[in-house]
Amino acid sequence: MLIGAGGLAVGFALGGIVLIAALQYALQRGVDTDVRSTASGVADLVNVRALPQPVPVSGDQIVQVVDVQHRVRSASIGADRLVPLLRPEELARARAGKGMNVDGARVGMDGPLRAVAVPAGPPDDPQSVIVARPVSSVRESVTVVRTALLVTYPLLIAVLALFAWRVVGAALRPVEQLRTGAETITGGGGSDRLPVPTSRDEIHRLAVTLNDMLDRLALARARQRAFVADAAHELRSPLANMRTELEVAQRIGDPPNVDGLLVDVERLTGLVDDLLLLARADDAPGPARTEPVELGALLRETAERYAAARVPVTVAGGSPQWTSGDPQALRHVLSNLVDNAVRHAASRVTLAVVPGGFTVIDDGPGIPAADRARVFERFTRLDDARARDAGGAGLGLAIVQELVRRHGGTVTLADANPGVRARVRLPVLPSKVPLPPQPVSGTSGTHGREP
């Protein structure tokens, strides 16, 4: 506010200086025009040898006609008839067209005079016409204006500063309320909301946007707390089993059950791998690497690895379809979907390439429509009573959704009558020349993940 008032004062001061300078220039130009006009008229009379005595002038002008010997030939009433108004060097500059200010005391007048000179007379008798006029009135006019500005400008600046203070203060009051509200936000589970002004302006929209951001942050914090709590709960179970077996073995002196410990270690390793994958997927905007992938070949490769599954996994026919992505991540997506399908299928699992992606269909009991979106949440189990070892940790579909999202696609569940149809949509390359088959390296990663 102080900077704005200071800038306003500086602007007014510069404007006043420019105004005074312009006024002074205009008044002086008017005086110069007046005396030059008189000088030209007298010079015309001198040229035709018709100059009367004394020289007729109007107003308070003073006229002298001076010859080359610097003698006064003619003069107006009130002008000195013996001593020229301008000295020789001044007269030379004035004849060149330059007006000048001289002291009025030279002719017994108070205040300065504005004098000009023009050449006159025949070539054999050159003369100069000097015309002068008092400029005290001009200076008084400039002084009056300067005084008026010095008096009115501070008052005007004070009024405008007060007005600006009130207006800007009213405009910034909602911003101060937002700042005060932001100071009270601690992220500790309170309201965490900013006050929204009633005015429908930019501040209102800013407050709404900031509240939306706070809601998203609160949701992210709640999701993170739930994720940490669920992860800690899931990790405690295998660790507790391992500790119990080791303590029992230590107490009775028998070697521990290695097979049971390996099962718990495998389950613990798989859970940690899934948690690490989800953490990386949350931070990554896209797949780690991309290359052309033919979906039909990916489905056939996956089906071959499930040749010994409890139900047959088959691939339906379909035309070749290419997408761009991370082959290992897409294998992980397909393996998690097939794991869930094999776990719940009654007699078969079918994989198929469809326009814009692929599907995984089982003929199991299906998923209620109300739960088809919820099963993609982390650590979600539709049957909380079943064994964790048989049901998984509830991260499979969450991993599928995150990996598909990283590839710019979507995954949805629908009723297959009977069973569930998992549909994965991926960006499809418009045209792709088939590449030679790539060797299969490694497996899909973790299996046995339950939504």
Side-chain angles (χ1 to χ4, degrees), residues 13-152:
L14 293 177
I17 293 173
V18 172
L19 176 62
I20 293 174
L23 177 62
Q24 187 172 3
Y25 174 79
L27 293 176
Q28 182 171 297
R29 185 180 179 86
V31 171
D32 288 346
T33 301
D34 186 23
V35 294
R36 287 187 186 280
S37 176
T38 301
S40 298
V42 174
D44 291 338
L45 295 176
V46 172
N47 292 336
V48 297
R49 302 180 186 276
L51 183 64
Q53 293 290 343
V55 179
V57 294
S58 61
D60 54 356
Q61 294 179 347
I62 298 174
V63 178
Q64 290 178 331
V65 179
V66 181
D67 60 15
V68 293
Q69 283 79 28
H70 210 60
R71 296 175 301 183
V72 178
R73 293 279 191 92
S74 301
S76 62
I77 297 176
D80 194 333
R81 294 179 174 273
L82 297 177
V83 180
L85 178 64
L86 298 179
R87 297 183 176 91
E89 62 276 7
E90 294 175 340
L91 181 59
R93 291 199 302 271
R95 282 172 58 91
K98 182 179 180 180
M100 61 184 59
N101 294 325
V102 297
D103 190 359
R106 296 183 183 182
V107 292
M109 299 180 64
D110 295 330
L113 301 174
R114 184 69 175 175
V116 299
V118 296
D124 58 344
D125 186 17
Q127 302 173 41
S128 299
V129 177
I130 301 173
V131 179
R133 176 183 170 183
V135 292
S136 299
S137 59
V138 173
R139 294 196 173 187
E140 290 176 358
S141 299
V142 174
T143 301
V144 169
V145 173
R146 184 186 297 113
T147 303
L149 293 179
L150 290 176
V151 173
T152 58

Separation of Asp103 CG from Leu113 CG (nearest 0.5 Å): 7.5 Å
Pairing of Arg71 and Asp67 as salt bridge, 4.0 angstrom limit: yes
Distance in Å, Gln127 CD paired with Gln69 CD, rounded so as to fall on 0.5 Å steps: 10.0 Å
Shortest non-hydrogen separation from Val46 to Gly121 and the atoms involved: CG1-N, 3.7 Å
Side chains of Ser136 and Met109 in contact at under 4.5 Å (non-hydrogen atoms): no
Flag side-chain contact, heavy atom, 4.5 Å: Leu91 against Pro84: no
For Arg106 against Leu85, the heavy-atom pair lying closest together: NH1-O, 3.0 Å
Spacing of Glu140 atom CD and Thr143 atom OG1 [to the nearest 0.5 Å]: 7.5 Å
Where Arg95 and Ser128 come nearest, the two heavy atoms and their spacing: NH1-OG, 2.5 Å
Side-chain ion pair, Asp125 and Arg49, N-O less than 4.0 Å: no
Closest heavy-atom pair and its distance - Gln64, Val83: NE2-O, 3.1 Å
Residue pair Val142 / Ile20, side-chain heavy-atom distance below 4.5 Å: yes
Side chains of Gln61 and Asp34 in contact at under 4.5 Å (non-hydrogen atoms): yes
Atom pair CD1 (Ile130) and OG (Ser76), whose distance is rounded to the nearest 0.5 Å: 11.0 Å
Arg36 side, atom CZ; Arg114 side, atom CZ - distance, nearest 0.5 Å: 8.0 Å
Residue Arg81 excluded, over 12 heavy atoms near CZ under 6.0 Å: yes
Taking every non-hydrogen atom, the tightest pair across Ala120 and Val129: CB-CG2, 3.8 Å
Residue pair Pro56 / Pro52: nearest heavy atoms and the distance that separates them: CD-CG, 3.4 Å
Met100 CE to Arg93 CZ distance, which is reported to the nearest 0.5 Å: 4.5 Å
Flag side-chain contact, heavy atom, 4.5 Å: Arg133 against Thr38: no
Check: Arg29 main-chain N/O paired with Thr33 side-chain donor or acceptor under 3.5 Å: yes
Leu14 CG: over 12 foreign heavy atoms closer than 6.0 Å: yes
Audit row: Asp80, Val72, side-chain contact (heavy atoms from CB on, under 4.5 Å) steps and yes/no: CA-CA 8 Å; Asp80 194 333; Val72 178; over 6 Å; no
